[in-house]
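Scroll down for the structure; my scribbles are underneath it.
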Amino acid sequence: MKKAQAHTSFLDSVNSNFEKAAPHTGLPAGLLAQIKACNSVYQMRFPVKIGKDYQVIEAYRVQHSHHRLPTKGGIRYSQKVNQDEVMALATLMTYKCAIVDVPFGGAKGGVKISPREYTPAQLQKITRRYTAELIRKNFIGPGIDVPAPDYGTGSREMAWILDTYMSFKGGEIDAAGCVTGKPVNQHGIQGRTEATGRGVFYALKEFASNKDDMAKLGLTPGLAGKTMAVQGLGNVGYYASKISQDEGDVKIICVAEYEGAIYKEDGIDIDKLMKYRKKNKGSILGFPGSKTMKSRKDVLEVKCDILVPAALENQIRKDNASKVKAKIIAEAANGPVTAEAETILLKKGIVIIPDMYINAGGVTVSYFEWLKNLSHMRFGRMEKRFNQRTYHNIAETVERLTGKSIGEKEKSVLLRGADEIDLVRSGLEETMINSYNQIRDVYNKKKNIKDLRTAAFVCALNKISSDYLSLGIFP
Ligand code: GLU
């Protein structure tokens with residue numbers, strides 16, 4: 001009973017953020033109510049034979065908004081999956097897609113299982129049956145609803161989904177676009193696995209490049225030398241910290257995982273830590289030179305410049321928010337800060353870079369993958385050689401006119417045509433920079449908006465409402 005009162009539900013928290021932002025848009029109440037509502041909630045139960053027995057599996061797919069199609073969002077495998085959570089996650093997907101100009105509605109799926117308790121063969125059975133249920137109800141398809149990985153799933157599960165879909169709808173020319181986050185050799189795209197983490201890095205880099213915004217926090221501009229604490233070393237946390245360390249010179253001082261948290265003042269090398277964890281029976285504890293913290297939750301209270309909660313929702317709540325000592329919170333996970341906690345954090349002057357923007361790198365690259373599937377061609381195929389030849393001609397002309405020759409090493413950098421991975425990273429970086437500046441503009445222009453989440457909501461609501469208004473639904 002005490003626990004239930006400790007915090008409001010995830011969906012309540014997302015909707016209370018919506019209510020905070022709605023008055024700043026000046027949009028009519030009916031239109032706001034339509035945007036806020038979850039359009040379709042599909043709750044299913046299906047039997048799967050596990051060992052000798054049948055288990056009844058509980059699963060969901062929620063499509064929050066159909067203002068643009070297909071709808072889009074990952075599938076979560078976790079014992080904690082419930083309808084409220086999947087609805088909240090689907091809702092966030094709608095705003096996320098709008099913020100990064102990905103022309104999709106929001107959706108999310110969930111299967112209530114703990115993946116660790118099943119063999120790969122059993123997981124495959126469950127995934128294929130879940131996909132069949134989605135096909136039966138017309139809840140999947142390249143123009144209908146396109147799943148992707150989320151907590152507890154990855155490219156392996158996406159390959160099973162694709163294969164199941166193909167076996168039902170093999171004749172559809174665009175069938176490969178029915179799911180994203182697929183293995184690269186199964187119609188996937190280079191750079192999708194790292195995309196959410198890389199997006200977090202690009203967003204932080206853009207935030208930190210602004211001298212005035214950093215000065216307000218008592219920080220110098222740029223990421224180099226800034227300290228970071230990371231909760232969760234899953235796909236998102238791992239890539240966010242590794243890329244921040246390798247490409248931004250950020251110092252990771254604290255890391256928390258399921259087994260506990262470690263602290264090392266002079267910095268933790270993320271790759272060395274991952275290798276250590278593998279050898280050490282899956283535990284980060286005891287990493288050379290580090291101190292073990294009392295509880296894994298202590299990561300949230302460490303003194304640092306940037307805190308990256310990259311695990312699950314509802315981590316920073318009203319009971320621990322006052323103990324947070326970071327200057328910037330980068331919401332790599334979905335919903336790690338509750339609406340109640342946010343009020344406390346904002347009063348302390350902490351900047352929260354909101355989930356619906358900062359973790360949108362995954363869906364952005366999913367969009368690129370979907371476009372690749374619909375175009376039936378890899379990015380860079382048409383122009384790579386042409387560009388290389390053009391750069392070569394320019395270099396030759398420069399050499400001829402100056403009488404000097406360009407060194408071989410410089411030449412290899414200058415003359416390179418873009419590959420798929422270069423274009424994906426470039427498209428992702430452009431998206432993260434552009435979207436941040438849209439949010440920052442709203443924040444700076446509207447003086448009564450006091451936080452980046454509200455500004456992000458206003459950006460999203462303006463874009464979604466203009467879709468509805470141009471359809472003439474709300475004259
Ligand atoms: N599950 C990821 C998210 O929460 C990715 C969704 C997608 O790529 O469709 O944004």
Side-chain angles (χ1 to χ4, degrees), residues 68-75 92-108 140-150 153-155 157-159 161-162 165 173-203 205-206 235-236 239-240 243 247 332 355-384 387 416-436 438 460 463:
R68 292 241 173 165
L69 287 170
T71 51
K72 186 87 190 78
I75 298 173
L92 280 174
M93 285 309 301
T94 294
Y95 307 131
K96 198 185 293 189
C97 290
I99 284 169
V100 289
D101 297 312
V102 165
F104 297 151
K108 203 80 170 199
I140 185 171
I144 299 170
D145 186 354
V146 181
D150 197 76
T153 59
S155 59
E157 285 73 15
M158 303 307 117
I161 293 175
L162 173 68
Y165 188 83
I173 184 97
D174 291 328
C178 74
V179 60
T180 61
K182 302 177 291 287
V184 177
N185 60 4
Q186 284 290 333
H187 306 274
I189 195 167
Q190 305 273 353
R192 173 62 186 84
T193 311
E194 62 168 29
T196 310
R198 180 169 285 280
V200 171
F201 165 67
Y202 288 145
K205 192 168 145 198
E206 185 59 13
N235 175 272
V236 180
Y239 282 108
I243 297 169
E247 295 177 33
D355 49 6
M356 62 176 79
Y357 158 66
I358 204 166
N359 73 32
V363 77
T364 301
V365 177
S366 275
Y367 171 47
F368 300 158
E369 181 177 332
W370 181 80
L371 290 173
K372 176 186 181 182
N373 296 149
L374 298 198
S375 74
H376 299 262
M377 190 161 59
R378 135 179 87 78
F379 288 101
R381 178 169 169 180
M382 300 295 271
E383 65 273 37
K384 177 176 161 156
N387 287 342
R416 212 166 65 85
D419 269 320
E420 185 171 84
I421 185 71
D422 304 306
L423 296 169
V424 164
R425 286 182 181 162
S426 150
L428 175 60
E429 185 172 15
E430 163 63 12
T431 303
M432 297 312 291
I433 292 176
N434 194 295
S435 301
Y436 178 67
Q438 290 178 23
K463 291 184 197 177

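Note: hydrogens, waters and symmetry copies are ignored here, and every other heavy atom, side chains too, is used. Quick note: residue numbers are just sequence positions, from 1.
When all heavy atoms are compared, the tightest approach of Gly141 to Tyr165 is CA-OH, 3.5 Å. Looking at every heavy atom in both residues, Tyr357 comes nearest to Ala203 through OH-CB, 3.3 Å. Smallest separation of non-hydrogen atoms from Ala195 and Val365: CB-CG2, 3.5 Å. A pairwise comparison of heavy atoms in Ala360 and Val100 identifies CB-CG1, 3.5 Å as the closest pair. In this structure, Gly105 and Cys97 approach most closely via the heavy-atom pair O-SG, 4.4 Å.
Not counting sequence neighbours, the partners of Arg425 by the side-chain contact (heavy atoms from CB on, under 4.5 Å) test are Glu194, Arg198, Tyr202, Ile421. Under the side-chain contact (heavy atoms from CB on, under 4.5 Å) criterion, Pro183 pairs with Ser155, Ala159, Asn185, Gln186, not counting sequence neighbours. Taking the side-chain contact (heavy atoms from CB on, under 4.5 Å) definition, one finds that Ala240 meets it with Val200, sequence neighbours left out.
A donor-acceptor pair under 3.5 Å links the side-chain atoms of Trp370 to the main chain of Pro142, judged by distance alone. Thr71 places no side-chain N or O within donor-acceptor distance of the main-chain N or O of Phe104, the cut-off being under 3.5 Å. Remark: the backbone N or O of Ile75 is paired with a side-chain donor or acceptor of Thr153 at under 3.5 angstrom. Side-chain atoms of Asn359 come within 3.5 Å of backbone atoms of Ala332 as a donor-acceptor pair (strictly under, hydrogens ignored). Put simply, the side chain of Ser435 never gets that close to the backbone of Met432: no donor and acceptor are under 3.5 Å apart. No donor-acceptor pair closer than 3.5 Å links the side chain of Lys182 to the backbone N or O of Gly177. Side-chain N or O atoms of Glu420 include none that pairs as donor or acceptor with a backbone N or O of Arg378 at under 3.5 Å. At distances below 3.5 Å, at least one donor-acceptor pair connects side-chain atoms of Glu369 with backbone N or O atoms of Gly181. When atom types are taken as modelled, the side chain of Glu157 and the backbone of Pro149 share no donor-acceptor pair closer than 3.5 angstrom. Between the side chain of Asp422 and the main chain of Asp419, a donor-acceptor pair closer than 3.5 Å is present.
Side-chain contact between Arg68 and Thr94 is absent, with no heavy-atom pair separated by less than 4.5 Å. At least one side-chain heavy atom of Tyr367 sits less than 4.5 Å from a side-chain heavy atom of Pro103. Asp101 places none of its side-chain heavy atoms less than 4.5 Å from the side chain of Thr431. When side chains are defined from C-beta on, Met158 does not count as touching Thr180, because their heavy atoms never get closer than 4.5 Å. Val146 is not listed as a side-chain neighbour of Cys178, based on a closest heavy-atom distance of 4.5 Å or more.
Residue Glu429 holds its CD atom at 12.0 Å from CG of Asn434, rounded to the nearest 0.5 Å. Between the CG atom of Asp174 and the CG atom of Asn373 there is a distance of 8.5 Å, given to the nearest 0.5 Å. Atom OG1 of Thr364 and atom CG of Leu428 lie 6.0 Å apart (nearest 0.5 Å). Distance check, rounded to the nearest 0.5 Å: CD1 of Ile99 to CD1 of Ile358 gives 11.5 Å. Within the model, atoms CE of Met377 and CZ of Phe379 stand 9.0 Å from one another, a figure rounded to the nearest 0.5 Å.
Under the 4.0 Å criterion applied to side-chain N and carboxylate O atoms, Lys205 and Glu247 are not assigned as salt-bridge partners. Between Asp145 and Lys72 there is no salt bridge, since no side-chain nitrogen of the basic residue lies less than 4.0 Å from a carboxylate oxygen of the acidic one. Salt-bridge annotation for Lys96 and Asp355: absent, with no side-chain N of the basic residue lying under 4.0 Å from a carboxylate O of the acidic one.
In the model, Gln190 has no side-chain atom that pairs as donor or acceptor with a side-chain atom of Lys372 under 3.5 Å.
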Verdict with reasoning, Val424 to Ile189, per side-chain contact (heavy atoms from CB on, under 4.5 Å): CA-CA 8 Å; Val424 164; Ile189 195 167; 3.6 Å; yes

side-chain hydrogen bond (donor to acceptor under 3.5 Å, both in side chains) evaluation trace for Arg192 with Ser366: CA-CA 7 Å; Arg192 173 62 186 84; Ser366 275; 2.9 Å; yes

